[in-house]
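Only one structure is covered here, and it is reproduced in the block below.
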There are 2 protein chains.
Amino acid sequence: MDNRDYERDALVLRALANESRLKIIERLGREQACVCELTEMLGLDQSTVSKHLTVLKTADIVSGVRRGNHIYYRLLAPCVLSFLNCAASVHAKKDGDREHQGECNGQT
Amino acid sequence: MDNRDYERDALVLRALANESRLKIIERLGREQACVCELTEMLGLDQSTVSKHLTVLKTADIVSGVRRGNHIYYRLLAPCVLSFLNCAASVHAKKDGDREHQGECNGQT
DNA sequence: CCAGTATATGGCTATATGGCCATATAGTCA
DNA sequence: TGACTATATGGCCATATAGCCATATACTGG
């Protein structure tokens, strides 16, 4: 149980460690979307969004299927949404709570 | 529930998105440790380890208390350990499983 | 105080990242 | 086929990151 593949783990976490990509994930957590929708939502260059999606695909966090002229992306690993709750609770703790137990479903 | 602080979330995730820091977290998840123990475990320069700990401290993931000559670090946010399980399940899926539901405690 | 040990900080270099623009690719529809 | 739209890729630049070495700081024990 100790032989984690830290390199792979870090790859996944690096893919998540970006504000724009977090927004993409949050969006895809609600409903699949095409690149153009994500591009409009983020207000970034389309090529930039495409690269973000490549990063997420490489980490096996999202996948896209073509439908007609569009490619619809969806979240493959919904568990990453819990990362956001945990991440949020980390600073929630800092800015108010006392000791921060629970809040995110970690095995203490 | 939509006004996430993505910047703060990304800060936390960036702090986790590094192989050496993941090893530190896994270690501290088992038991607190001083810098010198972590330095030996990682086989990196002591200054490098100290900087990693600063990153983790800044993200409120760990904190250290001095005891005599040593500073003992402990994990403040044990929920981050569940990140590792989720991250692992993301590639476990790739390398075998079919659809990857559950495995990590996300709210699907 | 001084010497010794543990930790932190500053300076440096090599590499990675995120953004843009320009362009290439892949599909649709006449 | 050719015009059009959606997405991906390559090139570039500015900034961030991880590592090292050297040095500073903080504490302990004589």
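Labels below follow one simple rule: chain letters A, B, ... track the order of the sequence lines, proteins then strands, and each chain is numbered from 1. Computed from a predicted model, the values in this text were never measured in an experiment.
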Review point. Roughly how many Å is it from CG in A:Leu53 to C1' in C:dT17, rounded to a whole number?
Key: 16 Å
Practice item. Would you kindly compare B:Arg66 and A:Ser47 by the position of their nearest DNA chain D nucleotide and give the one closer to the 5′ end? Key: A:Ser47
Review point. Under 4.5 Å between any side-chain heavy atoms of A:Arg21 and A:Leu42, yes or no?
Key: no
Revision key, fill the gap. A:Glu37 atom CD is separated from D:dA6 atom P, nearest whole Å, by 11 Å
Point to revise | Nearest-Å distance for atom pair CZ/P, residues B:Arg14 and D:dT17 | key: 6 Å
Review point. At under 4.0 Å between heavy atoms, what does A:Ser20 touch on the DNA or RNA strands: base, sugar-phosphate, or nothing?
Key: sugar-phosphate
Practice item. Looking only at side-chain atoms of B:Asn69, point me to the closest of D:dT9, D:dC27, D:dT7. Key: D:dC27
Point to revise | Whole-Å distance separating the CD atom of A:Gln46 from the C1' atom of D:dT5 | key: 11 Å
Review point. Taking only side-chain nitrogens and oxygens of B:Lys57, does any of them come within less than 4.0 Å of OP1 or OP2 of C:dA8?
Key: yes
Review point. C:dT17 phosphate, OP1 or OP2: any side-chain N/O from A:Asn18 under 4.0 angstrom?
Key: no
Point to revise | Of B:Val49 and A:Lys51, the one whose closest DNA chain C nucleotide lies more 5' | key: B:Val49
Point to revise | Separation of D:dT7 P from A:Glu40 CD (nearest whole Å) | key: 12 Å
Check your understanding: Do the side chains of B:Leu28 and B:Ile24 get nearer than 4.5 Å, heavy atoms only?
Key -> yes
Point to revise | Between C1' of C:dG19 and CZ of A:Arg21, the distance in whole Å | key: 12 Å
Exercise for review: Considering just the side-chain nitrogens and oxygens of A:His52, establish if one lies under 4.0 Å of OP1 or OP2 belonging to C:dT17.
Suggested key: no
Review point. Does a side-chain heavy-atom distance below 4.5 Å link A:Ile71 with A:Arg66?
Key: yes
Check your understanding: Does B:Thr48 place a side-chain N or O at less than 4.0 Å from the phosphate oxygens OP1/OP2 of D:dA18?
Key -> no
Point to revise | Residue pair B:Glu40 / B:Val49, side-chain heavy-atom distance below 4.5 Å | key: no
Exercise for review: Ignoring backbone atoms, test whether A:Ser50 places a side-chain nitrogen or oxygen under 4.0 Å from the OP1 or OP2 oxygen of D:dT7.
Suggested key: no
Practice item. Round to the nearest Å and state the distance from A:Asp45 atom CG to C:dA22 atom P. Key: 10 Å
Check your understanding: Are OP1 or OP2 of C:dA6 and a side-chain N or O of B:Tyr73 less than 4.0 angstrom apart?
Key -> no
Exercise for review: Round to the nearest Å and state the distance from A:Leu22 atom CG to C:dT17 atom P.
Suggested key: 16 Å
Practice item. Would you classify A:Tyr72 as touching base, sugar-phosphate or nothing, given that sugar-phosphate means primed atoms plus P, OP1 and OP2, and contacts are heavy atoms under 4.0 Å? Key: nothing
Point to revise | ILVMFWY cluster, A:Leu81 and B:Phe83 together (side-chain gap under 4.5 Å) | key: yes
